[in-house]
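Computed from a predicted structure; not experimentally measured. Order of the sequence lines fixes the chain letters, A, B, ..., with proteins taken first and strands second; residue numbering starts at 1 for each chain. What you see below is based on every heavy atom in this structure, not just the backbone, and it leaves out hydrogens, waters and symmetry mates.
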Amino acid sequence: LSSEEEDSENEDVFRKKYPKPSQVGSGQNLESENLIDETSDIEDLLKEEEDYKEENNYSTETLGDLKWKEELSRKAAEAFLRQQQATPNLLKLIYGTVTEDNEEEGDTQEELGGLFHVSQPDGGCKHKADSLDCSRFFVEAPHDWDLEEVMNSIKDCFVTGKWEDDK
Amino acid sequence: MATQEHCLSYAGCNFLRQRLVLSTLSGRPVKIRKIRSRDDNPGLRDFEASFIRLLDKITNGSRIEINQTGTTLYYQPGLLYGGFVEHDCSVLRSIGYYLESLLCLAPFMKHPLKIVLRGVTNDQVDPSVDVLKATALPLLKQFGIDGESFELKIVRRGMPPGGGGEVVFSCPIRKVLKPIQLTDPGKIKRIRGMAYSVRVSPQMANRIVDSARSILNKFIPDIYIYTDHMKGVNSGKSPGFGLSLVAETTNGTFLSAELASNPQGQGTAVLPEDLGRNCARLLLEEIYRGGCVDSTNQSLALLFMTLGQQDVSKVLLGPLSPYTIEFLRHLKSFFQIMFKIETKPCGEELKGGDKVLMTCVGVGFSSLSKTLK
């Protein structure tokens, strides 16, 4: 994705999430726009903010208009940080590492008596490089499907389960 | 697209197929070094050599250089040609190993591909031809690859170690692929399956069916598992049996699971009852992972999203498999495409584990081989 496309997409998301800016107030809009600049992970942030909006509606009734606006930016920033720590950033995990092969590992090898190389045992990375080329995703830690609660965890995937209201 | 940029360099034999496939599609040459260089038996194996020969058959003008020990491979892709091809696959891997890559390449041939593949149809490692037929073909249809000639036919079954199976795959060509918006998998409306047995008692398949049903019936009543007992020349050279299960949702998503018996002379004998029950549990695992594409076909969906028109494509996936993660990295190096990746936590819903929403804009790929008519 080029950065332009991403920007426009972000704006789309923004508009969708805030169809009526007048309801929310201009202060919050400004704040969240600042945060867009700071981070690319806008979706999570907006989600968090929505949660907080509900809480704050409650305080609006009790404490007045200005009070909740003050708290908002700090809360949003904190929520964002918490979110960042809690969920690993998949984008970084996938694209962050160097995937092309790293050159010249031989340089670090020791020499014995100026004649023999010490062959280092394969590290984890090397092991992966020569392992089996297979697209199947094998289950490493299977659930116990005889347990009632495990069976219930996929109950709504079936037509026999609960349906959403809109269907 | 065919600008001869510097060739990409990798180490190790893992992910060989996706590297060669992406190299062929992007036109960028690729060099793979240190293929099992520290192994007692270094270099490319028979099944990889067979895969390279297959690539050579379906392309025109590919240059392949392998050093004497087989530890270094240089591949300069030619143009995808297609036409009628026959190929004897190595029995070390199943036909699925070869077919997965053919599914990626077939829509972009100059002439529609019709290929006869011989070898092992079902084994314990690769996706079997039954599963690919039931899951990958409907997935390709979502991208607009469809028609009468789009077919995967299992003529003979062959189990390892002997093989002797045969399938015919034919695929029409497409100038452009449709972008997809698969964000809601819907609900599972039925489960279908195929219990096969070759060179063993036909009763094996029935025993598998009964045990698999005993688990799946707790979730949904609409289950039908076909039994397929091939005889004579159609049953290949080795005995064996197995089961593949596919769950179909209201929105046309297919989730699959499969198991096969141990090859003759390897490991202990597997009871068909155990195999049926374990396969049913694997299907439940796959449903728990969920998403709009099952875990074996994740990379196929992502590839066609990348190659689609210059439009936004979205797909909801279960957890990404290691193979898919590496594929995403390769897509970035070959096509400069990065996906937008958002995690969708499962929350309170009883719909299995966390999901991942993948979004990208296609590169507007049109096959080079078709412009040179």
Side-chain angles (χ1 to χ4, degrees), chain A residues 1-2 5-6 9 40-41 43-44 47 86-103 105 119-122 125-139 141-146 150-164 167, chain B residues 8-17 33-36 38-39 97 100 125-127 187-189 215 218-221 250 281-282 284-285 287-290 295-296 298-299 312 319-326 328-330 332-333 337-338 340-343 345 349-352 356 360-361:
Chain A
L1 286 175
S2 77
E5 280 159 86
E6 210 162 298
E9 214 177 293
S40 60
D41 216 345
E43 278 266 55
D44 293 341
K47 228 179 279 160
T87 59
N89 191 346
L90 275 178
L91 208 67
K92 210 175 267 174
L93 274 177
I94 290 169
Y95 294 119
T97 51
V98 181
T99 52
E100 286 176 42
D101 75 315
N102 10 7
E103 296 285 317
E105 42 143 68
S119 177
Q120 260 128 15
D122 293 358
C125 176
K126 281 282 153 231
H127 178 70
K128 194 183 138 209
D130 269 342
S131 53
L132 190 76
D133 179 15
C134 177
S135 67
R136 272 173 76 180
F137 189 8
F138 291 98
V139 181
H143 296 86
D144 184 357
W145 289 104
D146 296 329
V150 179
M151 278 167 63
N152 279 337
S153 69
I154 57 166
K155 204 172 70 183
D156 291 347
C157 293
F158 294 87
V159 282
T160 46
K162 205 179 84 196
W163 288 68
E164 290 82 11
K167 278 169 200 158
Chain B
L8 288 163
S9 171
Y10 295 100
C13 66
N14 205 356
F15 311 115
L16 178 89
R17 287 176 300 160
R33 304 177 305 126
K34 294 180 189 161
I35 300 171
R36 300 193 183 90
R38 286 170 181 238
D39 204 289
Y97 174 85
E100 276 185 296
V125 183
D126 292 295
K187 291 191 186 293
I188 293 161
K189 59 178 178 183
I215 289 195
K218 294 173 198 158
F219 293 91
I220 192 162
T250 47
R281 290 192 186 110
L282 282 181
L284 297 177
E285 292 285 349
I287 292 167
Y288 182 85
R289 283 173 177 166
S295 60
T296 33
Q298 284 175 350
S299 53
V312 179
L320 302 177
S321 71
Y323 189 82
T324 309
I325 291 174
E326 201 61 32
L328 283 167
R329 294 175 183 154
H330 283 124
K332 190 191 168 202
S333 9
I337 281 281
M338 273 172 83
K340 187 179 172 198
I341 304 164
E342 297 158 81
T343 35
E349 285 181 315
L350 298 174
K351 286 184 178 179
V356 186
C360 85
V361 176

Q | Thr160(A) versus chain B, the contacting section by heavy-atom distance below 4.5 Å | A | side chain
Q: State, to 0.1 Å, how close Arg136(A) and Pro127(B) come at their nearest heavy-atom pair, and which atoms those are.
A: CD-N, 3.6 Å
Q. Does a side-chain heavy-atom distance below 4.5 Å link Ser135(A) with Asp126(B)?
A. no
Q.
Using 0.5 Å steps for rounding, measure from the CG atom of Asn14(B) to the CG atom of Leu132(A).
A. 7.5 Å
(Q) Counting only non-hydrogen atoms closer than 4.5 Å, does Ile215(B) touch chain A with its backbone (N, CA, C, O), its side chain (CB onward), both, or neither? (A) neither
Q: Mind listing the closest non-hydrogen atom pair of Ser131(A) and Cys13(B) along with its distance?
A: O-SG, 4.1 Å
Q: Considering non-hydrogen atoms only, spot the tightest contact between Val139(A) and Leu282(B) and give its length.
A: CG2-CD2, 3.9 Å
Q | Main-chain N/O of Gly12(B) paired with Asp130(A) side-chain donor or acceptor, under 3.5 Å | A | no
Q. Between Val356(B), Leu328(B), Thr250(B), Ile35(B), which shows the greatest number of heavy-atom pairs under 4.5 Å with chain A?
A. Leu328(B)
Q) Are Lys340(B) and Leu91(A) close enough that some pair of their side-chain heavy atoms sits under 4.5 Å apart? A) no
(Q) Shorter than 4.5 Å, heavy atoms on both sides: which option in Arg36(B), Lys189(B), Arg289(B) has the most such pairs with chain A? (A) Arg289(B)
Q. Looking at Phe137(A) and Pro319(B), what are the two nearest heavy atoms and their distance?
A. CE2-O, 3.5 Å
**Q.** Most chain A-contacting option - heavy-atom pairs closer than 4.5 Å, from Val125(B), Leu284(B), Leu16(B)
**A.** Leu284(B)
Q. Got a second to check how far Glu326(B)'s CD is from Ile94(A)'s CD1, nearest 0.5 Å?
A. 10.5 Å
Q. Hey, mind stepping through Phe158(A) and Ile287(B) against side-chain contact (heavy atoms from CB on, under 4.5 Å) and telling me if it holds?
A. CA-CA 9 Å; Phe158(A) 294 87; Ile287(B) 292 167; 3.7 Å; yes
**Q.** Plane angle bin for His143(A) and Tyr288(B) - parallel if under 30°, tilted between 30 and 60°, otherwise perpendicular
**A.** tilted
Q. Side chain, backbone, both or neither: which part of Ser295(B) has a heavy atom under 4.5 Å from chain A?
A. both
Q) Where is the tightest heavy-atom contact between Cys157(A) and Gly352(B), given as atom of each residue plus distance? A) SG-N, 4.4 Å
Q: Under 4.5 Å, counting heavy-atom pairs only, tell me which of Lys218(B), Arg281(B), Lys332(B), Glu100(B) racks up the most with chain A.
A: Arg281(B)
**Q.** Contacting region of Glu285(B) [heavy-atom separation from chain A under 4.5 Å]
**A.** both
Q. Are the side chain of Asp133(A) and the backbone of Arg17(B) linked by a donor-acceptor contact shorter than 3.5 Å?
A. yes
Q) Are Ile341(B) and Leu93(A) side-chain neighbours, meaning at least one heavy-atom pair lies under 4.5 Å? A) no
